[in-house]
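First comes the structure, then the notes that go with it.
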Number of protein chains: 2
Amino acid sequence: MSKLTALARHTSSAQEDYLKALYGLGAVEAAVPPSRLARELDVSPASVTDMLAKLAVLGLVTHDRAHGARLTPTGRGVALEMVRHHRLLEAYLVQALGYRWDEVHDEADRLEHCISEVLEQRMFQALGGPSFDPHGDPIPSTRGSLPREHDRCLLACKAGDRVRLSRVSDREPEKLRALRALGLELGTAFEVVGESRWEGPLELRLNQRLVQVPLGLARIAFVH
Amino acid sequence: MSKLTALARHTSSAQEDYLKALYGLGAVEAAVPPSRLARELDVSPASVTDMLAKLAVLGLVTHDRAHGARLTPTGRGVALEMVRHHRLLEAYLVQALGYRWDEVHDEADRLEHCISEVLEQRMFQALGGPSFDPHGDPIPSTRGSLPREHDRCLLACKAGDRVRLSRVSDREPEKLRALRALGLELGTAFEVVGESRWEGPLELRLNQRLVQVPLGLARIAFVH
DNA sequence: TAGCTAGCTTAGGCGTGCCTAAGACTTGGA
DNA sequence: TCCAAGTCTTAGGCACGCCTAAGCTAGCTA
Ligand SMILES: [Mn+2]
Ligand SMILES: [Mn+2]
Ligand SMILES: [Mn+2]
Ligand SMILES: [Mn+2]
(Lines give C-alpha, C1' and ligand atoms only; values in the text may rest on other atoms or scores of the structure.)
(Ligands and ions follow the chains in the order given, each with its own letter.)
Protein backbone atom coordinates (compact mmCIF):
# COMPACT_ATOMS: atom_id res chain seq x y z
CA MET A 1 0.00 0.00 0.00
CA SER A 2 2.77 2.42 0.86
CA LYS A 3 4.57 0.96 -2.14
CA LEU A 4 1.65 2.03 -4.28
CA THR A 5 1.69 5.49 -2.79
CA ALA A 6 5.36 5.77 -3.56
CA LEU A 7 4.79 4.67 -7.13
CA ALA A 8 1.99 7.20 -7.51
CA ARG A 9 4.64 9.86 -7.08
CA HIS A 10 5.28 10.04 -10.80
CA THR A 11 3.34 13.25 -11.07
CA SER A 12 3.68 15.31 -14.23
CA SER A 13 4.34 19.05 -14.30
CA ALA A 14 0.74 19.61 -15.32
CA GLN A 15 -0.58 17.49 -12.48
CA GLU A 16 1.65 19.32 -10.03
CA ASP A 17 0.36 22.65 -11.32
CA TYR A 18 -3.24 21.59 -10.70
CA LEU A 19 -2.42 20.39 -7.20
CA LYS A 20 -0.52 23.56 -6.37
CA ALA A 21 -3.35 25.71 -7.69
CA LEU A 22 -5.88 23.72 -5.66
CA TYR A 23 -3.77 24.24 -2.58
CA GLY A 24 -3.56 27.96 -3.26
CA LEU A 25 -7.32 28.12 -3.67
CA GLY A 26 -7.87 26.53 -0.29
CA ALA A 27 -8.78 23.01 -1.38
CA VAL A 28 -7.45 21.67 1.90
CA GLU A 29 -10.27 23.15 3.96
CA ALA A 30 -13.05 23.54 1.41
CA ALA A 31 -13.98 22.17 -1.99
CA VAL A 32 -12.93 24.27 -4.99
CA PRO A 33 -15.25 24.59 -8.00
CA PRO A 34 -13.73 23.51 -11.32
CA SER A 35 -14.52 26.88 -12.90
CA ARG A 36 -12.33 28.56 -10.30
CA LEU A 37 -9.46 26.21 -11.11
CA ALA A 38 -9.95 26.76 -14.83
CA ARG A 39 -9.66 30.52 -14.39
CA GLU A 40 -6.63 30.14 -12.16
CA LEU A 41 -4.74 27.90 -14.57
CA ASP A 42 -6.05 29.56 -17.72
CA VAL A 43 -7.42 26.34 -19.18
CA SER A 44 -10.91 25.34 -20.25
CA PRO A 45 -13.39 23.82 -17.78
CA ALA A 46 -13.34 20.66 -19.88
CA SER A 47 -9.61 20.31 -19.29
CA VAL A 48 -10.17 20.65 -15.57
CA THR A 49 -12.77 17.87 -15.64
CA ASP A 50 -10.30 15.61 -17.44
CA MET A 51 -7.45 16.31 -15.07
CA LEU A 52 -9.50 16.04 -11.90
CA ALA A 53 -10.61 12.61 -13.01
CA LYS A 54 -6.98 11.56 -13.44
CA LEU A 55 -5.93 13.05 -10.11
CA ALA A 56 -8.85 11.30 -8.41
CA VAL A 57 -7.72 7.95 -9.83
CA LEU A 58 -4.24 8.66 -8.46
CA GLY A 59 -5.76 9.35 -5.07
CA LEU A 60 -4.59 12.95 -5.00
CA VAL A 61 -7.98 14.68 -4.99
CA THR A 62 -11.55 13.82 -4.20
CA HIS A 63 -14.04 15.14 -6.62
CA ASP A 64 -17.72 15.45 -6.16
CA ARG A 65 -19.89 17.31 -8.60
CA ALA A 66 -22.02 18.92 -5.94
CA HIS A 67 -19.12 20.64 -4.20
CA GLY A 68 -15.98 20.57 -6.30
CA ALA A 69 -12.47 19.27 -5.74
CA ARG A 70 -10.55 18.79 -2.51
CA LEU A 71 -7.01 17.63 -1.90
CA THR A 72 -6.47 14.29 -0.21
CA PRO A 73 -3.67 14.18 2.37
CA THR A 74 -1.39 12.75 -0.33
CA GLY A 75 -2.42 15.45 -2.79
CA ARG A 76 -1.79 18.10 -0.17
CA GLY A 77 1.65 16.60 0.31
CA VAL A 78 2.52 16.88 -3.37
CA ALA A 79 1.14 20.43 -3.49
CA LEU A 80 3.16 21.46 -0.46
CA GLU A 81 6.26 19.93 -1.99
CA MET A 82 5.82 22.18 -5.03
CA VAL A 83 5.18 25.19 -2.81
CA ARG A 84 8.34 24.36 -0.89
CA HIS A 85 10.34 24.05 -4.10
CA HIS A 86 8.91 27.30 -5.45
CA ARG A 87 9.60 29.40 -2.39
CA LEU A 88 12.98 27.85 -1.71
CA LEU A 89 14.02 28.52 -5.30
CA GLU A 90 12.85 32.12 -5.05
CA ALA A 91 14.78 32.58 -1.84
CA TYR A 92 17.86 30.99 -3.35
CA LEU A 93 17.74 33.06 -6.53
CA VAL A 94 17.52 36.27 -4.49
CA GLN A 95 20.00 35.47 -1.77
CA ALA A 96 22.59 33.47 -3.68
CA LEU A 97 22.31 34.83 -7.20
CA GLY A 98 21.28 38.45 -6.79
CA TYR A 99 17.83 38.31 -8.35
CA ARG A 100 15.34 41.02 -7.44
CA TRP A 101 11.99 40.01 -5.94
CA ASP A 102 10.15 40.79 -9.15
CA GLU A 103 12.34 38.47 -11.24
CA VAL A 104 12.01 35.18 -9.45
CA HIS A 105 8.45 33.98 -9.84
CA ASP A 106 8.49 32.73 -13.42
CA GLU A 107 11.90 31.12 -13.02
CA ALA A 108 10.75 29.29 -9.89
CA ASP A 109 7.51 28.25 -11.56
CA ARG A 110 9.48 26.33 -14.16
CA LEU A 111 12.23 24.96 -11.94
CA GLU A 112 9.99 23.76 -9.11
CA HIS A 113 9.01 20.74 -11.21
CA CYS A 114 12.48 19.57 -12.12
CA ILE A 115 14.74 19.93 -9.10
CA SER A 116 15.68 16.82 -7.15
CA GLU A 117 15.28 16.35 -3.44
CA VAL A 118 19.05 16.57 -3.21
CA LEU A 119 19.13 20.00 -4.84
CA GLU A 120 16.26 21.13 -2.64
CA GLN A 121 18.23 20.03 0.39
CA ARG A 122 21.46 21.73 -0.76
CA MET A 123 19.75 25.04 -1.43
CA PHE A 124 18.04 24.84 1.94
CA GLN A 125 21.38 24.27 3.65
CA ALA A 126 23.16 26.94 1.63
CA LEU A 127 20.62 29.49 2.87
CA GLY A 128 20.86 28.31 6.46
CA GLY A 129 17.33 26.91 6.59
CA PRO A 130 15.23 29.91 5.58
CA SER A 131 11.64 30.24 6.81
CA PHE A 132 10.32 32.76 4.30
CA ASP A 133 10.63 33.47 0.61
CA PRO A 134 11.46 36.91 -0.80
CA HIS A 135 7.78 37.85 -0.84
CA GLY A 136 7.25 36.99 2.82
CA ASP A 137 5.51 33.69 2.17
CA PRO A 138 6.44 30.89 4.56
CA ILE A 139 8.48 27.98 3.22
CA PRO A 140 6.83 24.68 4.16
CA SER A 141 9.05 22.23 6.01
CA THR A 142 9.91 18.88 4.46
CA ARG A 143 7.23 17.41 6.73
CA GLY A 144 4.71 19.80 5.19
CA SER A 145 4.01 22.11 8.08
CA LEU A 146 3.45 25.81 7.62
CA PRO A 147 3.41 28.59 10.21
CA ARG A 148 0.04 30.30 10.15
CA GLU A 149 0.27 33.89 9.03
CA HIS A 150 -1.62 36.59 10.85
CA ASP A 151 -0.98 39.68 8.80
CA ARG A 152 -3.58 41.95 7.22
CA CYS A 153 -3.88 43.72 3.92
CA LEU A 154 -2.40 47.19 3.70
CA LEU A 155 -5.70 48.21 2.18
CA ALA A 156 -7.43 47.63 5.49
CA CYS A 157 -5.02 49.78 7.50
CA LYS A 158 -6.28 52.88 9.29
CA ALA A 159 -4.61 56.26 9.68
CA GLY A 160 -2.18 56.13 12.57
CA ASP A 161 -1.26 52.45 12.16
CA ARG A 162 2.46 51.85 12.54
CA VAL A 163 3.35 48.63 10.76
CA ARG A 164 5.94 46.73 8.73
CA LEU A 165 5.60 45.20 5.29
CA SER A 166 5.39 41.44 5.91
CA ARG A 167 4.24 39.95 2.64
CA VAL A 168 3.44 40.74 -0.98
CA SER A 169 1.83 38.79 -3.79
CA ASP A 170 4.48 37.58 -6.22
CA ARG A 171 2.18 37.38 -9.21
CA GLU A 172 2.67 40.77 -10.85
CA PRO A 173 6.30 41.78 -11.34
CA GLU A 174 5.34 45.31 -12.41
CA LYS A 175 3.61 45.96 -9.11
CA LEU A 176 6.56 44.53 -7.20
CA ARG A 177 8.89 46.92 -9.00
CA ALA A 178 6.53 49.79 -8.23
CA LEU A 179 6.45 48.91 -4.52
CA ARG A 180 10.21 48.72 -4.43
CA ALA A 181 10.40 52.07 -6.22
CA LEU A 182 8.23 53.58 -3.48
CA GLY A 183 10.74 52.39 -0.92
CA LEU A 184 8.69 49.42 0.28
CA GLU A 185 10.67 46.26 0.93
CA LEU A 186 9.97 43.30 3.19
CA GLY A 187 10.36 44.53 6.76
CA THR A 188 10.15 48.21 5.91
CA ALA A 189 8.50 50.07 8.80
CA PHE A 190 6.07 52.90 8.09
CA GLU A 191 3.10 54.78 9.43
CA VAL A 192 -0.21 55.05 7.65
CA VAL A 193 -0.99 58.74 7.69
CA GLY A 194 -3.94 58.64 5.31
CA GLU A 195 -6.15 55.63 4.79
CA SER A 196 -7.85 54.96 1.49
CA ARG A 197 -11.04 57.00 0.94
CA TRP A 198 -13.27 56.91 -2.16
CA GLU A 199 -10.85 54.46 -3.70
CA GLY A 200 -8.06 56.97 -3.51
CA PRO A 201 -4.46 56.11 -2.64
CA LEU A 202 -3.17 55.49 0.87
CA GLU A 203 -0.60 57.86 2.24
CA LEU A 204 2.33 56.55 4.24
CA ARG A 205 5.20 58.10 6.13
CA LEU A 206 8.29 56.11 5.42
CA ASN A 207 11.82 57.22 6.28
CA GLN A 208 10.62 60.80 6.83
CA ARG A 209 9.02 60.81 3.39
CA LEU A 210 5.35 60.90 2.49
CA VAL A 211 4.46 58.26 -0.07
CA GLN A 212 1.23 57.71 -1.99
CA VAL A 213 0.30 54.07 -2.54
CA PRO A 214 -2.28 53.36 -5.27
CA LEU A 215 -5.07 50.93 -4.37
CA GLY A 216 -3.78 48.30 -6.79
CA LEU A 217 -0.48 48.20 -4.93
CA ALA A 218 -2.00 48.32 -1.45
CA ARG A 219 -4.15 45.34 -2.36
CA ILE A 220 -1.15 43.04 -2.88
CA ALA A 221 0.73 44.24 0.21
CA PHE A 222 0.32 42.80 3.70
CA VAL A 223 1.59 44.12 7.01
CA HIS A 224 1.84 43.34 10.67
CA MET B 1 13.63 36.09 -41.85
CA SER B 2 15.52 36.69 -38.64
CA LYS B 3 12.07 37.14 -37.10
CA LEU B 4 11.24 33.65 -38.24
CA THR B 5 14.47 32.31 -36.82
CA ALA B 6 13.66 33.94 -33.51
CA LEU B 7 10.19 32.43 -33.49
CA ALA B 8 11.64 29.03 -34.30
CA ARG B 9 13.28 29.16 -30.87
CA HIS B 10 10.32 27.48 -29.19
CA THR B 11 12.19 24.21 -29.03
CA SER B 12 10.82 21.47 -26.78
CA SER B 13 12.91 19.49 -24.32
CA ALA B 14 12.74 16.50 -26.63
CA GLN B 15 13.89 18.53 -29.61
CA GLU B 16 16.73 19.95 -27.58
CA ASP B 17 17.77 16.46 -26.54
CA TYR B 18 17.95 15.34 -30.16
CA LEU B 19 19.98 18.39 -31.14
CA LYS B 20 22.35 17.95 -28.23
CA ALA B 21 22.80 14.27 -29.05
CA LEU B 22 23.46 15.10 -32.69
CA TYR B 23 26.07 17.59 -31.61
CA GLY B 24 27.69 15.05 -29.35
CA LEU B 25 27.78 12.55 -32.19
CA GLY B 26 29.61 14.97 -34.43
CA ALA B 27 26.74 16.09 -36.64
CA VAL B 28 28.48 19.41 -37.23
CA GLU B 29 31.25 17.90 -39.33
CA ALA B 30 29.65 14.72 -40.65
CA ALA B 31 26.18 13.27 -41.12
CA VAL B 32 24.95 11.00 -38.34
CA PRO B 33 22.91 7.87 -39.17
CA PRO B 34 19.48 7.71 -37.52
CA SER B 35 20.26 4.33 -35.97
CA ARG B 36 23.16 5.91 -34.10
CA LEU B 37 20.88 8.62 -32.74
CA ALA B 38 18.25 6.07 -31.77
CA ARG B 39 20.80 4.12 -29.74
CA GLU B 40 22.12 7.27 -28.12
CA LEU B 41 18.69 8.51 -27.04
CA ASP B 42 17.28 5.07 -26.33
CA VAL B 43 14.32 5.53 -28.65
CA SER B 44 13.18 3.56 -31.68
CA PRO B 45 14.45 4.35 -35.17
CA ALA B 46 10.89 5.26 -36.12
CA SER B 47 10.85 7.97 -33.47
CA VAL B 48 14.07 9.36 -34.86
CA THR B 49 12.60 9.55 -38.33
CA ASP B 50 9.61 11.48 -36.96
CA MET B 51 11.69 13.91 -35.01
CA LEU B 52 14.25 14.54 -37.73
CA ALA B 53 11.40 15.47 -40.05
CA LYS B 54 10.15 18.03 -37.53
CA LEU B 55 13.62 19.43 -36.89
CA ALA B 56 14.18 19.71 -40.63
CA VAL B 57 10.96 21.74 -41.01
CA LEU B 58 12.21 24.02 -38.23
CA GLY B 59 15.47 24.46 -40.11
CA LEU B 60 17.55 22.92 -37.33
CA VAL B 61 18.86 19.88 -39.21
CA THR B 62 19.28 18.76 -42.77
CA HIS B 63 18.35 15.23 -43.41
CA ASP B 64 19.22 13.18 -46.37
CA ARG B 65 18.52 9.50 -46.48
CA ALA B 66 21.76 8.61 -48.18
CA HIS B 67 23.95 10.14 -45.48
CA GLY B 68 21.96 10.89 -42.33
CA ALA B 69 21.35 14.01 -40.30
CA ARG B 70 23.50 17.13 -39.92
CA LEU B 71 22.98 20.21 -37.81
CA THR B 72 22.34 23.49 -39.57
CA PRO B 73 24.12 26.53 -38.11
CA THR B 74 20.92 27.35 -36.21
CA GLY B 75 20.62 23.78 -34.96
CA ARG B 76 24.22 23.83 -33.86
CA GLY B 77 23.45 27.03 -31.96
CA VAL B 78 20.59 25.44 -30.05
CA ALA B 79 22.68 22.35 -29.32
CA LEU B 80 25.57 24.44 -28.03
CA GLU B 81 23.19 26.40 -25.87
CA MET B 82 22.09 23.16 -24.21
CA VAL B 83 25.69 22.03 -23.82
CA ARG B 84 26.50 25.37 -22.23
CA HIS B 85 23.57 25.09 -19.85
CA HIS B 86 24.49 21.52 -18.97
CA ARG B 87 28.12 22.17 -18.20
CA LEU B 88 27.50 25.45 -16.45
CA LEU B 89 24.90 23.79 -14.24
CA GLU B 90 27.29 20.97 -13.43
CA ALA B 91 29.99 23.45 -12.53
CA TYR B 92 27.59 25.45 -10.40
CA LEU B 93 26.24 22.44 -8.54
CA VAL B 94 29.77 21.34 -7.67
CA GLN B 95 31.31 24.68 -6.84
CA ALA B 96 28.38 26.47 -5.23
CA LEU B 97 26.35 23.64 -3.75
CA GLY B 98 28.87 20.98 -2.84
CA TYR B 99 27.81 18.26 -5.26
CA ARG B 100 30.32 15.57 -6.16
CA TRP B 101 31.23 15.04 -9.81
CA ASP B 102 29.23 11.82 -9.98
CA GLU B 103 26.01 13.47 -8.79
CA VAL B 104 25.58 16.30 -11.25
CA HIS B 105 24.86 14.78 -14.64
CA ASP B 106 21.22 13.76 -14.21
CA GLU B 107 20.34 16.95 -12.39
CA ALA B 108 21.90 19.04 -15.15
CA ASP B 109 20.20 16.96 -17.83
CA ARG B 110 16.82 17.99 -16.47
CA LEU B 111 17.60 21.58 -15.59
CA GLU B 112 19.37 22.48 -18.83
CA HIS B 113 16.01 22.74 -20.58
CA CYS B 114 14.29 25.03 -18.12
CA ILE B 115 16.75 27.65 -16.96
CA SER B 116 16.44 31.17 -18.35
CA GLU B 117 19.21 33.15 -19.98
CA VAL B 118 19.21 35.33 -16.88
CA LEU B 119 19.88 32.37 -14.60
CA GLU B 120 22.56 31.11 -16.97
CA GLN B 121 24.22 34.51 -16.80
CA ARG B 122 24.01 34.73 -13.00
CA MET B 123 25.53 31.30 -12.50
CA PHE B 124 28.29 32.17 -14.95
CA GLN B 125 29.07 35.35 -13.02
CA ALA B 126 28.83 33.65 -9.63
CA LEU B 127 31.54 31.21 -10.75
CA GLY B 128 33.72 33.93 -12.19
CA GLY B 129 33.31 32.84 -15.79
CA PRO B 130 34.39 29.21 -15.67
CA SER B 131 35.88 27.55 -18.76
CA PHE B 132 35.42 23.91 -17.82
CA ASP B 133 32.82 21.74 -16.14
CA PRO B 134 33.62 19.31 -13.30
CA HIS B 135 34.46 16.58 -15.81
CA GLY B 136 36.94 18.70 -17.72
CA ASP B 137 34.62 19.43 -20.63
CA PRO B 138 34.86 22.97 -21.99
CA ILE B 139 31.91 25.30 -21.43
CA PRO B 140 30.89 26.91 -24.74
CA SER B 141 30.75 30.70 -24.74
CA THR B 142 27.48 32.51 -25.31
CA ARG B 143 28.67 33.05 -28.87
CA GLY B 144 29.02 29.30 -29.24
CA SER B 145 32.77 28.91 -29.44
CA LEU B 146 34.62 26.02 -27.89
CA PRO B 147 38.33 25.58 -27.23
CA ARG B 148 39.59 22.53 -29.07
CA GLU B 149 40.74 19.82 -26.73
CA HIS B 150 43.95 17.93 -27.38
CA ASP B 151 43.99 15.30 -24.72
CA ARG B 152 44.26 11.56 -25.21
CA CYS B 153 42.65 8.56 -23.63
CA LEU B 154 44.36 7.12 -20.59
CA LEU B 155 43.98 3.77 -22.31
CA ALA B 156 46.48 4.85 -24.95
CA CYS B 157 49.16 5.91 -22.50
CA LYS B 158 52.49 4.13 -22.44
CA ALA B 159 54.59 3.16 -19.46
CA GLY B 160 56.67 6.11 -18.38
CA ASP B 161 54.17 8.77 -19.39
CA ARG B 162 53.82 11.50 -16.78
CA VAL B 163 50.44 13.14 -17.21
CA ARG B 164 47.48 14.80 -15.48
CA LEU B 165 43.84 13.81 -15.55
CA SER B 166 42.17 16.39 -17.82
CA ARG B 167 38.74 15.00 -18.60
CA VAL B 168 36.34 12.16 -17.81
CA SER B 169 33.07 11.02 -19.30
CA ASP B 170 30.20 12.08 -17.08
CA ARG B 171 27.82 9.32 -18.16
CA GLU B 172 28.45 6.64 -15.57
CA PRO B 173 28.35 7.85 -11.96
CA GLU B 174 29.61 4.50 -10.65
CA LYS B 175 32.78 4.79 -12.66
CA LEU B 176 33.26 8.38 -11.54
CA ARG B 177 33.02 7.30 -7.93
CA ALA B 178 35.49 4.51 -8.61
CA LEU B 179 37.99 6.92 -10.17
CA ARG B 180 37.65 9.26 -7.24
CA ALA B 181 38.14 6.34 -4.86
CA LEU B 182 41.40 5.52 -6.64
CA GLY B 183 42.58 9.06 -5.96
CA LEU B 184 41.98 10.36 -9.46
CA GLU B 185 40.51 13.83 -9.68
CA LEU B 186 40.69 16.46 -12.37
CA GLY B 187 44.25 17.77 -12.46
CA THR B 188 45.72 14.86 -10.51
CA ALA B 189 49.27 14.19 -11.73
CA PHE B 190 50.53 10.64 -12.05
CA GLU B 191 52.94 8.42 -13.89
CA VAL B 192 51.92 5.44 -15.94
CA VAL B 193 54.16 2.66 -14.69
CA GLY B 194 52.40 -0.19 -16.45
CA GLU B 195 50.45 0.16 -19.65
CA SER B 196 47.54 -2.10 -20.43
CA ARG B 197 48.52 -5.49 -21.81
CA TRP B 198 46.19 -8.30 -22.81
CA GLU B 199 43.28 -6.18 -21.64
CA GLY B 200 44.68 -6.05 -18.14
CA PRO B 201 44.56 -2.98 -15.89
CA LEU B 202 46.95 -0.05 -16.18
CA GLU B 203 49.21 0.64 -13.27
CA LEU B 204 49.84 4.20 -12.13
CA ARG B 205 52.08 5.83 -9.55
CA LEU B 206 50.07 8.53 -7.84
CA ASN B 207 51.13 10.28 -4.64
CA GLN B 208 53.76 7.58 -4.01
CA ARG B 209 51.08 4.93 -4.28
CA LEU B 210 50.70 2.27 -6.94
CA VAL B 211 47.19 2.13 -8.30
CA GLN B 212 45.55 -0.37 -10.63
CA VAL B 213 43.09 1.12 -13.11
CA PRO B 214 40.68 -1.33 -14.79
CA LEU B 215 40.21 -0.95 -18.53
CA GLY B 216 36.61 0.24 -18.14
CA LEU B 217 37.82 3.14 -16.05
CA ALA B 218 40.82 3.97 -18.22
CA ARG B 219 38.53 4.16 -21.22
CA ILE B 220 36.53 7.08 -19.80
CA ALA B 221 39.56 8.98 -18.56
CA PHE B 222 41.58 11.46 -20.61
CA VAL B 223 44.92 13.05 -19.87
CA HIS B 224 47.41 15.56 -21.10
C1' DT C 1 23.63 -10.24 -61.77
C1' DA C 2 20.45 -11.73 -58.39
C1' DG C 3 19.32 -12.10 -53.88
C1' DC C 4 19.59 -10.92 -48.98
C1' DT C 5 20.12 -8.16 -45.18
C1' DA C 6 20.60 -4.02 -42.49
C1' DG C 7 18.73 0.29 -42.03
C1' DC C 8 15.24 3.64 -42.80
C1' DT C 9 10.52 5.04 -43.43
C1' DT C 10 5.56 4.49 -43.41
C1' DA C 11 1.36 3.19 -41.22
C1' DG C 12 -1.28 2.87 -37.43
C1' DG C 13 -1.79 3.41 -32.58
C1' DC C 14 -1.28 5.03 -27.55
C1' DG C 15 -1.02 8.33 -23.50
C1' DT C 16 -0.94 13.09 -22.09
C1' DG C 17 -2.87 17.52 -21.97
C1' DC C 18 -5.21 20.64 -24.21
C1' DC C 19 -9.30 22.45 -27.17
C1' DT C 20 -14.45 23.40 -28.94
C1' DA C 21 -19.13 22.14 -29.21
C1' DA C 22 -22.87 20.03 -27.51
C1' DG C 23 -25.46 17.82 -23.82
C1' DA C 24 -26.93 17.51 -18.82
C1' DC C 25 -27.52 19.20 -14.28
C1' DT C 26 -29.00 22.73 -10.86
C1' DT C 27 -30.64 26.52 -9.36
C1' DG C 28 -32.93 31.03 -8.97
C1' DG C 29 -36.33 34.05 -10.89
C1' DA C 30 -40.64 34.81 -13.31
C1' DT D 1 -44.12 25.50 -11.36
C1' DC D 2 -41.26 25.83 -14.97
C1' DC D 3 -37.81 28.04 -17.73
C1' DA D 4 -33.22 30.36 -18.49
C1' DA D 5 -28.54 30.66 -17.14
C1' DG D 6 -24.72 29.19 -15.41
C1' DT D 7 -21.90 25.27 -14.45
C1' DC D 8 -20.07 20.92 -15.26
C1' DT D 9 -19.38 16.85 -18.15
C1' DT D 10 -19.21 14.25 -22.42
C1' DA D 11 -17.82 13.66 -27.11
C1' DG D 12 -14.72 14.22 -30.50
C1' DG D 13 -10.47 15.99 -32.06
C1' DC D 14 -5.51 17.84 -32.25
C1' DA D 15 -0.33 18.16 -31.37
C1' DC D 16 3.40 15.95 -29.34
C1' DG D 17 6.48 12.20 -28.54
C1' DC D 18 6.76 7.75 -28.30
C1' DC D 19 5.83 2.71 -29.82
C1' DT D 20 5.44 -1.86 -32.97
C1' DA D 21 4.88 -3.96 -37.29
C1' DA D 22 5.23 -3.91 -41.92
C1' DG D 23 7.22 -2.12 -46.18
C1' DC D 24 10.88 -0.26 -48.85
C1' DT D 25 15.81 0.54 -50.53
C1' DA D 26 20.28 0.23 -51.22
C1' DG D 27 24.33 -1.95 -50.96
C1' DC D 28 27.02 -6.18 -50.26
C1' DT D 29 27.74 -11.00 -51.08
C1' DA D 30 27.39 -15.06 -53.55
MN1 LIG E 1 11.12 18.28 -2.60
MN1 LIG F 1 7.02 33.90 -3.68
MN1 LIG G 1 21.34 29.96 -22.61
MN1 LIG H 1 29.90 17.16 -17.62
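Residue numbers start from 1 in every chain, and the chains themselves are labelled A, B, ... in the order their sequence lines are given, proteins ahead of strands.
Partners of B:Pro45 under the side-chain contact (heavy atoms from CB on, under 4.5 Å) rule, at least two apart in sequence or in another chain, are B:Ala38. Take B:Arg100 and apply the side-chain contact (heavy atoms from CB on, under 4.5 Å) test, not counting sequence neighbours, and it matches B:Asp102, B:Glu103.
In this structure, B:Cys157 and B:Val223 approach most closely via the heavy-atom pair SG-CG2, 3.6 Å.
Atom CG of B:Leu37 and atom P of D:dG17 are 15 Å apart (whole Å). The interatomic distance linking B:Asp17 (CG) with D:dC16 (P) rounds to 17 Å, in whole Å.
For the 3.5 Å distance criterion, the side chains of B:His105 and B:His135 fail to qualify, holding no donor opposite an acceptor. Using modelled atom types and a 3.5 Å distance limit, the side chains of B:Glu107 and B:Tyr99 yield a donor-acceptor pair.
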Show me, pair by pair, the donor-acceptor contacts under 3.5 angstrom made by side chains of residues 117-130 of chain B, not counting sequence neighbours?
residue, atom, partner, partner atom, Å
B:Glu117, OE2, B:His85, NE2, 3.4
B:Glu120, OE1, B:His85, NE2, 2.8
B:Glu120, OE2, B:Arg84, NE, 2.4
B:Glu120, OE2, B:Arg84, NH2, 3.2
B:Arg122, NH1, A:Leu97, O, 3.2
B:Arg122, NH1, A:Gly98, O, 2.7

With a 3.5 Å cut-off and sequence neighbours excluded, list the donor-acceptor pairs that the side chains of residues 19-35 of chain A form with protein atoms.
residue, atom, partner, partner atom, Å
A:Lys20, NZ, A:Asp109, OD1, 2.8
A:Lys20, NZ, A:Glu112, OE1, 3.2
A:Lys20, NZ, A:Glu112, OE2, 2.8

Please encode protein proximity along nucleotides 4-19 of chain C as a string of B, S and -, counting only heavy-atom distances under 4.0 Å. ---BBBB-----SBBB
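Between its two ends, the helix from C:dT1-D:dA30 to C:dA30-D:dT1 turns its axis by 30°, counting five pairs per end and rounding to 10 degrees.
Atoms CG and CG, from A:Asp133 and A:Asp170 in turn, are 6.5 Å apart once rounded to the nearest 0.5 Å.
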